[in-house]
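After the structure tokens below, expect a handful of questions from me.
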Amino acid sequence: MKTTIDLPEPLLDEARRLAAKEGVTLKTLVERGLRHVVAAKARGMEFKLRDASFDGQGLQPGVENASWAEIRALAYEGRGG
């Protein structure tokens with residue numbers, strides 16, 4: 001089956017280079033990518049952001065009840081923000 005897709009030039013150029021490097025056609029590379037995405041979705045794989053939180057004691061004394069705008073202003077104080 002034939003279809004037409006519109007890709008950004010930089011992505012298409014990179015895909016062509018990769019296909020040439022691997023010795024396959026661009027069609028084969030696109031098929032691999034689509035199969036990978038479809039299979040991942042079928043397995044229920046979703047992007048999960050790693051937990052980057054850290055152990056702390058919360059906000060510093062004096063800002064527990066501050067608004068987000070006040071906290072942001074303190075964070076950027078003296079930094080041009």
### Message
What I'd like to find out is whether the side chain of E22 reaches to under 4.5 Å of the side chain of T28, using heavy atoms alone.
### Response
no
### For the student: nearest non-hydrogen atoms of A15 and L29, plus distance
O-CD2, 3.3 Å
### Query
Which pair of heavy atoms, one from L7 and one from L11, lies closest together, and at what distance?
CD2-CD2, 4.4 Å
### Query
Hey, does K27 have a side-chain heavy atom less than 4.5 Å from the side chain of V30?
no
## Note on the structure
Note: V24 and R32 closest approach over all heavy atoms is CG1-NH2, 3.5 Å
### Query
Hey, is CD on E31 packed in by over 12 heavy atoms from elsewhere, all under 6.0 Å?
yes
### Query
So, do E70 and L74 sit near enough that their side-chain heavy atoms are less than 4.5 Å apart?
no
### Query
Linking I/L/V/M/F/W/Y whenever any side-chain heavy atoms sit under 4.5 Å apart, do L59 and W68 land together?
yes
